Amino acid sequence: MNESEHKSLDFIRQRVSDDVANGKNEGRVHTRFPPEPNGYLHIGHAKSICLNFGLAEEFGGKCNLRFDDTNPEKEDTEFVDSIREDIRWLGFEWDAEFFASDYFEKLYQWALELIKRGKAYVCDQTVEEVREYRGGWDKPGKNSPQRDRTVEENLDLFSRMKNGEFKDGEKTLRAKIDMNSDNMNLRDPAMYRIRHATHHRTGDQWCIYPNYDWAHGQSDSIESITHSVCTLEFEQHRPLYDWYIGQLEVHHPQQIEFAKLVISNTMMSKRKLTELVVGGFVEGWDDPRMPTISGFRRRGFTPESIRSFANRVGITKHNSTTDIALMNLCIREHLNRIAPRVTGVLDPVKVVIENYPEGEFEMRVTGVNPEDENAGTREVPFGRELYIERSDFMEEAPKKFFRLTVGGEVRLRNAFFLKCNEVIKDEQGEIVELRCTYDPETSGGKAPDGRKVKGTIHWVSAAHAVDAEVRLYDVMFENEDPSDVPEGKDWKDLINPNALVVMQNAKVEPILADASAGDSFQFVRNGYFCVDSKDSQPGKLVFNRTVTLKDAWSKQQKKGGSPN
RNA sequence: UGCCCGAUGGUGUAAUGGCAACACAUCUGGUUUUGGUCCAGACAUUCUAGGUUCGAGUCCUAGUCGGGUAACCA
């Protein structure tokens, strides 16, 4: 190792690096990503996925996918399938796939072993009694009345638990540790509970199910995991993790905890995300407003952008909140390089060019992506009637407004200079048409007489434009911290009503009629959009706005407008 | 009311006892046929108080603040 080439590693990579250097685990690195299949993966899981799979890649090791399916009542194969899909979409492939339920028999045998060694006992207490006997932070616990049952009695009772002789909640198997420990997890934790429920994989084969602590470390051990990375809330479980593995005298993985991802204006709690889906507040787990991986995918985020984000947020032990702006940066950065530029007019208003011959059209040739020389060119039809963005015209405009005004001149992107002569409105005073003239001498966007124009606006030919529905997405919560709910309010009251705004009458350039589901584009001056993978049809296009472009103009406007 | 963990700019991270670095955000300016991109610049008494040291963001002590934790969930 060259000291001068010391790279900046996060504390986990540092630790793994040290372990490898010291020959721990024969220099092996083996991680695992262990989701419970009770919901869809979200961006927080992406951080964990990038960490675990990244560790394996960087240290020449392996990473398993393990479904932590020890709670039959909440888990389902739908979630198993979506988890596999999401991990692969992110660009990772696991070395081996397991289920905690693969180990139910082994875990059972191990439990028998602990019973025989007097380290576990069958307890008859109810949930309430257990809580009472556990004591508190300030007061010691009391032993369960059944704590000193004989080995024979425990063996008999436990096998009868397994055989279904008892009802749910009637008995548990508990580890005999220390009812006086400072760490509540060590006050005789439950190892097994009775659940007469059908498991998504083992069916009705079992009616006793191992608790997390009894299953997790041993599963890690069986798979020869070297570094068992998890989030901070499991920190005080580590002594129990270590105790079980120590008792069983099997391969001992090292648990390491890091801070989970928190993003501003975003709800990450799996329970609450489930509530949004079940309660119909969103269309489903893959609703583009959701912080799920499938939601981001449908919204138009790329795997590259999410991996880039995960790498930028860092791995530490302190709780922090990452600004949602960083996500936006990551996706803009990637899409700016790869997304073809097209024109989409979200809120169209008609322009009639009075001095352009009726019924005539011409093709304008234009680049596909200024960031990519190899992207080539495309042709766009131009004619007498166009659609432009309603917000690109103002009757009474402030001085800094560089767009179209009455009497003012702007450039039509990739075409001509345009001047507005007259505004036509309907009875409600709504602008329905702008009568304009163009300067044929400015083809190519420059005037022979050298006169300059401040603004350039986008347009589509009215005769060629394709209708589209465009869904504009924004942050799901207006509050930076949506878990901070004001008195008397429900967290769902904080949902941003403008998280989705649908533009029904958008007009897009004809080339987009052939776009396929999932394709991403930059709508020039508007943002990045993708073809919705569920609702878009050949005759009825639907686009999702992935993210806006940075917008200095609207930012300036929000500041209260310029004093000219 | 114990036990465990943490604290570096508005935000997220780096600095492995030796010049507080990078990115985001914000603001200024330049380039530009996208108010995009790109380029240049601005933006910190490292929670507090003591101590060790030639030298402390880093080590020690005490405090302050924040988080986690008492499921037959994971």
Side-chain angles (χ1 to χ4, degrees), chain A residues 3 6 8-10 14 34-36 38 68-71 73-75 100 123 125-127 130-131 134-139 141 168-174 181-185 187 189-195 208-209 211-213 215-216 230-239 257 259 264 270-271 312-330 332-333 336-337 341 343 366-367 369-371 400-403 410-415 444-446 453-458 480 522-528 548-557:
Chain A
E3 288 298 319
H6 165 259
S8 161
L9 300 177
D10 60 65
Q14 180 64 252
E36 182 188 12
N38 67 345
D68 215 339
D69 57 346
T70 55
N71 186 357
E73 286 160 321
K74 290 186 174 175
E75 295 151 7
C123 178
Q125 288 187 310
T126 64
V127 181
V130 169
R131 187 179 318 146
R134 185 160 31 230
W137 286 319
D138 47 347
K139 48 178 198 281
D168 285 8
E170 222 175 300
K171 290 191 173 4
T172 54
L173 184 72
R174 292 225 257 162
S181 174
D182 284 333
N183 184 340
M184 290 294 164
N185 293 123
R187 317 253 266 221
M191 295 165 64
Y192 277 94
R193 75 281 207 188
I194 300 171
R195 284 287 175 282
I208 55 171
Y209 290 92
N211 286 72
Y212 167 84
D213 292 292
H216 204 92
C230 62
T231 44
L232 244 30
E233 66 267 30
F234 293 102
E235 213 160 14
Q236 37 282 103
H237 289 245
R238 181 159 24 95
E257 311 86 13
S264 66
K270 220 186 207 181
R271 205 199 87 234
R312 287 188 207 213
V313 294
I315 304 291
T316 66
K317 288 192 78 161
H318 51 265
N319 308 102
S320 57
T321 302
T322 299
D323 195 325
I324 186 87
L326 188 62
M327 283 231 73
N328 294 337
L329 169 86
C330 290
R332 280 192 194 114
E333 200 174 71
N336 179 47
R337 291 202 313 270
R341 313 288 125 124
T343 306
T366 173
N369 186 347
E371 306 297 317
K400 289 261 173 72
F401 186 80
F402 301 150
R403 309 173 186 184
V410 287
R411 176 163 40 229
L412 293 171
R413 195 163 196 273
N414 297 312
K446 286 197 170 71
V453 106
K454 275 262 183 66
T456 301
I457 64 173
H458 60 278
E480 244 179 59
Q522 185 194 98
F523 285 12
V524 168
R525 299 211 304 134
N526 267 322
Y528 296 97
T548 61
L549 255 26
K550 265 207 224 163
D551 187 349
W553 168 243
S554 77
K555 197 177 281 172
Q556 192 181 334
Q557 294 233 292

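Residue numbers start from 1 in every chain, and the chains themselves are labelled A, B, ... in the order their sequence lines are given, proteins ahead of strands. Quick caveat: nothing in here was measured; it's all calculated off a predicted structure.
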*Of all pairs that satisfy side-chain hydrogen bond (donor to acceptor under 3.5 Å, both in side chains), the ones with a partner from residues 312-330 of chain A, not counting sequence neighbours*: A/E235-A/K317, A/S308-A/R312, A/R312-A/E333

*asked:* A/R403: which residues meet the side chain to side chain donor-acceptor pair (under 3.5 Å) condition with it, sequence neighbours left out?
replied: A/D392

_pair A/R341-A/E371: side-chain heavy atoms closer than 4.5 Å_ = yes

_Is the phosphate of B/U13 approached by A/T316 (side-chain N or O, under 4.0 Å from OP1 or OP2)?_
yes

*Does A/D182 have any side chain to side chain donor-acceptor pair (under 3.5 Å) partners at least two apart in sequence or in another chain, and if so, which?*
none

*Indicate for each nucleotide in nucleotides 3-9 of chain B, in 5' to 3' sequence, whether protein heavy atoms under 4.0 Å reach the base (B), only the sugar-phosphate (S), or nothing (-).*
S-SSS--

*Quantified in whole Å, what is the P atom distance between nucleotide B/U45 and nucleotide B/G57?*
14 Å

*Remember a base hit wins even if backbone is also touched, and classify A/R403 as base, sugar-phosphate or nothing at under 4.0 Å, heavy atoms.*
base

_Identify the stems formed by RNA chain B, where each pair is Watson-Crick or G-U wobble with both distances under 3.5 angstrom and a stem is at least 3 consecutive pairs._
B:2-7 with B:64-69, B:10-13 with B:21-24, B:26-30 with B:38-42, B:47-51 with B:59-63

*Within the structure, does a side-chain N or O atom of A/S320 lie under 4.0 Å from either OP1 or OP2 of B/U13?*
yes

Protein and nucleotides 71-74 of chain B: nitrogen or oxygen contacts under 3.5 angstrom:
| unit_1 | atom_1 | unit_2 | atom_2 | d |
| --- | --- | --- | --- | --- |
| B/A71 | OP2 | A/R134 | NH2 | 3.2 |
| B/A71 | O5' | A/R134 | NH2 | 2.9 |
| B/C72 | O2' | A/R195 | NH2 | 3.1 |
| B/C72 | N3 | A/G169 | O | 3.1 |
| B/C72 | N4 | A/Q125 | O | 2.6 |
| B/C72 | N4 | A/G169 | O | 2.9 |
| B/C73 | OP1 | A/R195 | NH2 | 2.8 |
| B/C73 | OP2 | A/R193 | NE | 2.5 |
| B/C73 | OP2 | A/R193 | NH2 | 2.8 |
| B/C73 | O3' | A/R193 | NH2 | 3.1 |
| B/C73 | O2' | A/N71 | ND2 | 2.7 |
| B/A74 | OP1 | A/T70 | OG1 | 2.6 |
| B/A74 | OP1 | A/R193 | NH1 | 3.2 |
| B/A74 | OP1 | A/R193 | NH2 | 2.9 |
| B/A74 | OP2 | A/Y212 | N | 2.7 |
| B/A74 | O3' | A/D68 | OD2 | 3.2 |
| B/A74 | N6 | A/H237 | NE2 | 3.1 |

*Specify the separation, in whole Å, of atom CG of A/D551 and atom P of B/A25.*
14 Å

*Residues two or more places apart in sequence or in another chain: which of them pass salt bridge (charged side-chain N to carboxylate O under 4.0 Å, His left out) with A/E257?*
A/R238

*Kindly say whether A/R174 contributes a backbone atom to a donor-acceptor pair with the side chain of A/T172 at under 3.5 angstrom?*
no

*Using whole Å, report how far NZ of A/K555 lies from C1' of B/C24.*
12 Å

*To the side chain of A/F401, which of B/U34, B/G35, B/U1 is closest?*
B/G35

*For B/G35, does either OP1 or OP2 sit under 4.0 Å from a side-chain N or O belonging to A/K550?*
no

*Please give, in whole Å, the distance from B/U26 C1' to A/Q556 CD?*
14 Å

*asked:* Tell me whether the count of non-hydrogen atoms from other residues, nucleotides or ligands lying under 6.0 Å of CD in A/E480 goes above 12.
replied: no

*asked:* Rounded to whole Å, how long is the line connecting atom CD of A/Q14 with atom C1' of B/U13?
replied: 16 Å

*Can you name the ring-ring contact (aromatic ring centres under 6.0 Å, His included) partners of A/F234, sequence neighbours left out?*
A/Y212, A/H237

_Residues that A/R332 engages under salt bridge (charged side-chain N to carboxylate O under 4.0 Å, His left out), provided they are two or more places apart_ = none

*Partner residues of A/Y528 under the side chain to side chain donor-acceptor pair (under 3.5 Å) criterion, sequence neighbours left out*: A/Q522

*Figure out the CD1/P separation between A/I457 and B/G36, and round it to whole Å.*
17 Å

*For A/E73, check side chain to side chain donor-acceptor pair (under 3.5 Å) against everything at least two apart and list the hits.*
A/R195

*Which comes earlier along RNA chain B counting from the 5' end, the contact point of A/F523 or that of A/G314, where each point is its nearest nucleotide?*
A/G314

*Tell whether A/R332 reaches the base of B/G36 with its side chain through a donor-acceptor pair below 3.5 angstrom.*
no

*So what does A/S264 touch, heavy atoms closer than 4.0 Å: a base, only the sugar-phosphate, or nothing?*
nothing

*Distance, rounded to the nearest Å, where A/W553 contributes CH2 and B/U34 contributes P*: 17 Å

*Listed by chain and number, what are the salt bridge (charged side-chain N to carboxylate O under 4.0 Å, His left out) partners of A/R413, not counting sequence neighbours?*
none

*Value in whole Å for how far the C1' atom of B/G12 lies from CZ of A/R312*: 11 Å

*A/F402 CZ - B/G36 C1' separation (whole Å)*: 15 Å

